[in-house]
There are 2 protein chains.
Amino acid sequence: MNMTVTIKDVAKKAGVSAATVSRVLNNSGYVYEDTRKAVMEAINHLQYKPNEVARSLYKRTSKLIGLVLPDITNPFFPALARGVEDNLQQQGYRVIFGNTDGDTTKEMEYIDTFLQHNVVGLIASVDHLHHEVLTNLRVPVVTVDRITEELPAVYADHKSGGRLAAEKLISSGCEKIVVLRGPQDAKPLYDRFQSAMQYLSEKNVSVNFIDCQLSFEDGRKKAKELFNQFPDTEGIIACNDLVAAAMLHEAVTRGINVPTDLQVIGYDNITISEIVHPSLTTIHQPTYDMGVKAADMLIKLINKEKLGMIHEQLPVYLKERNSTLNGGI
Amino acid sequence: MNMTVTIKDVAKKAGVSAATVSRVLNNSGYVYEDTRKAVMEAINHLQYKPNEVARSLYKRTSKLIGLVLPDITNPFFPALARGVEDNLQQQGYRVIFGNTDGDTTKEMEYIDTFLQHNVVGLIASVDHLHHEVLTNLRVPVVTVDRITEELPAVYADHKSGGRLAAEKLISSGCEKIVVLRGPQDAKPLYDRFQSAMQYLSEKNVSVNFIDCQLSFEDGRKKAKELFNQFPDTEGIIACNDLVAAAMLHEAVTRGINVPTDLQVIGYDNITISEIVHPSLTTIHQPTYDMGVKAADMLIKLINKEKLGMIHEQLPVYLKERNSTLNGGI
DNA sequence: GTGAAAGCGCTAACAG
DNA sequence: CTGTTAGCGCTTTCAC
């Protein structure tokens with residue numbers, strides 16, 4: 001069967017020492033072109049693949065990067081994850097990952113075992129309350145879609161995002177607005193909520209808010225609550241697209257016409273927002289790019305390069321579709 | 001700073017040898033309760049965490065499992081992935097993963113490097129044409145949502161799935177039916193298409209098919225094609241929910257009333273199918289459970305336990321929503 | 001240029 | 001019950 005072939009086997013076959021094989025493998029030191037060829041031949045012949053674990057043990061480093069996300073089932077994160085993975089994979093890194101469901105215990109568990117596997121870096125999306133876990137690790141960390149002072153971070157401009165949404169509803173004539181407030185321990189959610197509220201408070205409109213998780217399920221529950229509690233709502237700013245979709249859904253069910261009687265704005269611009277009916281006006285986040293960017297930063301950090309800036313803020317924009325009144329009121 | 005603390009440090013601190021520390025770590029061999037306590041204390045005091053890489057090198061095994069999926073951006077896979085991960089994580093395994101986009105090169109690349117990292121097993125969703133790659137690996141492999149003779153597999157009953165969809169359209173009165181045919185090198189797609197066609201061919205109805213990728217984007221393109229080519233279509237069987245959503249979308253755009261003038265059936269029952277309007281009648285696959293089951297099988301294989309059966313087929317069912325005429329015609 | 005030897009951190013005989 | 005020793009597969013001085 002597939003008995004593992006080691007560097008020694010290659011050495012023997014090529015009639016050289018393991019050290020020499022190692023040298024050609026790593027392009028380190030000098031090797032005669034002839035012996036180099038002999039070694040390569042042996043390698044190909046034996047289908048030799050170096051054992052990364054042994055390598056990792058000696059070098060106390062690896063090609064593994066840990067990715068810690070809340071929940072890959074939320075469509076926002078797969079896009080992010082692919083951005084990270086595509087970039088990393090291309091540079092020879094592999095990613096080992098875990099979903100935490102925002103649970104600190106799981107976060108720590110994953111981070112610990114990732115480190116035990118000699119990961120060279122971590123990309124994490126973890127509530128800022130738990131960020132201590134990420135500080136003073138022995139490997140660089142980049143946070144995505146989350147923000148703390150100290151840690152390098154990639155995130156979108158949620159202050160603009162929140163304001164953009166609010167502006168839009170105001171400019172399309174809403175006077176009774178409900179804002180769904182996502183979990184406030186995640187800074188992006190906090191920012192977009194605050195900045196929307198801030199803008200709205202300066203206008204002469206009625207505004208209320210309801211707390212809501214980021215899932216379709218919870219959106220659904222809160223939608224019922226919303227329409228019961230504030231039946232004459234004219235505009236809704238949702239904390240993400242999933243929740244916005246739930247609002248749309250409940251509105252349709254109740255025979256409320258969107259966007260004529262009610263306008264809804266989502267957040268993220270995940271695929272779903274295009275698919276729902278009416279299609280969803282939303283704040284676009286460059287999700288995939290955030291992943292790519294985070295991987296870029298991490299690799300720089302791993303290579304001890306200086307970062308231009310610790311915090312990389314990416315722009316968002318309003319994507320108008322059919323859940324709002326467009327072209328003015 | 002965080003200089004790594006090794007087993008030797010613990011040994012020194014506890015006044016014993018490394019071997020003894022190892023013993024208490026692994027609960028192997030006998031250790032005096034007192035020395036055990038001393039060791040534990042040293043461990044806690046030093047915050048010692050064993051180096052999994054060293055462990056892995058010696059034991060030629062690890063707690064790592066490789067997960068190979070086509071594209072986590074397709075909402076079907078995150079659910080599957082979480083099923084896998086939740087199960088594995090609980091048993092102390094960690095997952096290292098890669099998206100292949102159905103590209104054999106990437107598949108092989110990932111599998112190779114996973115093996116180089118001493119993974120103890122692989123869970124893969126890979127087109128059956130490429131299954132040779134997976135055979136004769138030195139670790140057990142379980143395929144998910146894919147089928148080959150030789151390899152253990154977890155998948156849903158797509159023959160029933162295809163027939164269920166076809167039956168439904170017939171029983172709700174469709175006489176002009178178009179079936180979207182997904183990529184046929186994936187057995188599940190093949191099965192569901194064939195069995196739908198088979199059933200339809202026995203009925204006295206007009207049936208056509210169009211090839212289609214599994215994405216919303218391609219669905220969109222093919223939707224236009226479909227309505228141009230077969231404008232009087234009464235029923236559509238889509239290859240998955242994403243594509244079905246695209247059909248719905250195009251139908252609405254063209255002012256075709258669903259389900260009155262046109263009925264649509266999806267496949268998978270991902271969250272989206274509930275969110276679209278009208279909500280989508282679809283074939284439900286137990287996606288998360290498939291992941292859990294696959295992890296179960298793999299762990300058994302890793303532990304050298306015998307499997308009851310190599311192929312685990314999970315049931316599907318028709319989930320009726322509002323894109324079909326329900327309660328008979 | 002190349003080989004011998006030591007060692008990364010851990011575990012598994014083998015003595016004692 | 002516990003320490004000593006050897007070795008997992010690889011890389012890296014250090015001689016030659």
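Within every chain, numbering begins at 1; the chains are lettered A, B, ... in the order of the sequence lines, protein sequences first and strands thereafter.
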Between the protein and nucleotides 13-16 of chain C, are there any N/O to N/O pairs under 3.5 Å, and if so, what are the atom names and distances?
from   : atom 1 : to      : atom 2 : distance (Å)
C:dA13 : N6     : B:Arg23 : NH2    : 3.4

[X] side-chain N/O to [N] phosphate OP1/OP2 under 4.0 Å:
X: A:Thr20; N: C:dG3; value: yes
X: B:Asn26; N: C:dT11; value: yes
X: B:Tyr58; N: D:dC10; value: no
X: B:Thr6; N: C:dG9; value: no

Do any N or O atoms from the side chain of [X] and from the backbone of [Y] form a donor-acceptor pair under 3.5 angstrom?
X: A:His311; Y: A:Thr148; value: yes
X: A:Thr287; Y: A:Gln285; value: yes
X: A:Asn99; Y: A:Asp101; value: no

Length of the [atom1]-[atom2] vector between [X] and [N], whole Å:
X: B:Asn51; N: C:dG7; atom1: CG; atom2: P; result: 18 Å
X: B:Leu57; N: C:dA12; atom1: CG; atom2: P; result: 13 Å
X: A:Gln116; N: C:dC10; atom1: CD; atom2: P; result: 10 Å
X: B:Asp9; N: C:dC8; atom1: CG; atom2: P; result: 11 Å
X: B:His117; N: D:dC8; atom1: NE2; atom2: C1'; result: 17 Å
X: A:Asn118; N: C:dG9; atom1: CG; atom2: P; result: 9 Å
X: A:Lys8; N: C:dA4; atom1: NZ; atom2: C1'; result: 12 Å
X: A:Glu52; N: D:dC8; atom1: CD; atom2: P; result: 19 Å

Item to complete: For atom CD of B:Glu41, decide whether the heavy atoms of other residues, nucleotides or ligands shown that lie under 6.0 angstrom number more than 12.
Response: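 No, CD of B:Glu41 has 12 or fewer neighbouring heavy atoms, counting only those of other groups under 6.0 Å.
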Practice prompt. Mark yes when over 12 heavy atoms from residues, nucleotides or ligands other than A:Glu305 sit less than 6.0 Å from its CD; otherwise mark no.
Written response: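 Enclosed.
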Worksheet entry | Terminal axes of the helix from C:dG1-D:dC16 to C:dG16-D:dC1 (five pairs each): angle between them, nearest 10 degrees |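 Taking five pairs per end, the axes differ by 50°.
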Item to complete: Select one nucleotide: of D:dG9, D:dT11, C:dC8, the one nearest the side-chain heavy atoms of B:Arg60.
Response: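 Out of D:dG9, D:dT11, C:dC8, the nucleotide with an atom closest to B:Arg60's side chain is D:dG9.
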Discussion item. From the set D:dT12, C:dG9, C:dC10, return the single nucleotide nearest to any side-chain atom of B:Ile7.
Written reply: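 Among D:dT12, C:dG9, C:dC10, the one nearest the side chain of B:Ile7 is C:dC10.
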Should [X] and [Y] count as side-chain neighbours, where that means a heavy-atom distance under 4.5 Å?
X: A:Leu25; Y: A:Arg55; answer: yes
X: A:Ile7; Y: A:Pro50; answer: no
X: A:His158; Y: A:Asp145; answer: yes

Can you give each donor-acceptor pair under 3.5 Å made by side-chain atoms of residues 113-126 of chain A, sequence neighbours left out, with the distance rounded to 0.1 Å?
from     : atom 1 : to       : atom 2 : distance (Å)
A:Thr113 : OG1    : A:Glu109 : O      : 3.2
A:Thr113 : OG1    : A:Tyr110 : O      : 3.1
A:Thr113 : OG1    : B:Arg94  : NE     : 2.7
A:Asn118 : ND2    : A:Ser56  : O      : 3.4
A:Asn118 : ND2    : A:Ser56  : OG     : 3.1
A:Ser125 : OG     : A:Val144 : O      : 3.1

Discussion item. Any base atoms under 4.0 Å from B:Val16, or only sugar-phosphate, or nothing? Heavy atoms, all strands.
Written reply: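 Result for B:Val16 = sugar-phosphate.
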Discussion item. Classify A:Val53 by what it touches in the nucleic acid, base, sugar-phosphate, or nothing, heavy-atom distance under 4.0 Å.
Written reply: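 Answer is nothing: A:Val53 stays at 4.0 Å or more from every strand.
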Item to complete: Return the residues of residues 30-41 of chain B meeting this criterion: a heavy atom under 4.0 Å from some atom of DNA chain D. Order them by number, or give none.
Response: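 Going residue by residue through residues 30-41 of chain B, the ones with a heavy atom under 4.0 Å of DNA chain D turn out to be B:Tyr30, B:Val31, B:Tyr32, B:Thr35.
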Discussion item. So which atom in B:Glu85 and which in A:Gly98 form the shortest heavy-atom distance, rounded to 0.1 Å?
Written reply: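 Reported closest heavy-atom pair: OE2-CA, 3.7 Å.
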Indicate every side-chain donor-acceptor pair of residues 293-303 of chain A with a distance under 3.5 Å to a residue at least two apart or in another chain.
from     : atom 1 : to       : atom 2 : distance (Å)
A:Asp296 : OD1    : A:Asn87  : ND2    : 3.0
A:Asn303 : ND2    : A:Ile299 : O      : 3.3

Worksheet item: Any ring pair (Phe, Tyr, Trp, His ring centres under 6.0 Å) pairs touching residues 82-105 of chain A, not counting sequence neighbours?
Response: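 Every ring pair (Phe, Tyr, Trp, His ring centres under 6.0 Å) pair that includes a residue of residues 82-105 of chain A, provided the two are not neighbours, is A:Phe97-B:Phe97.
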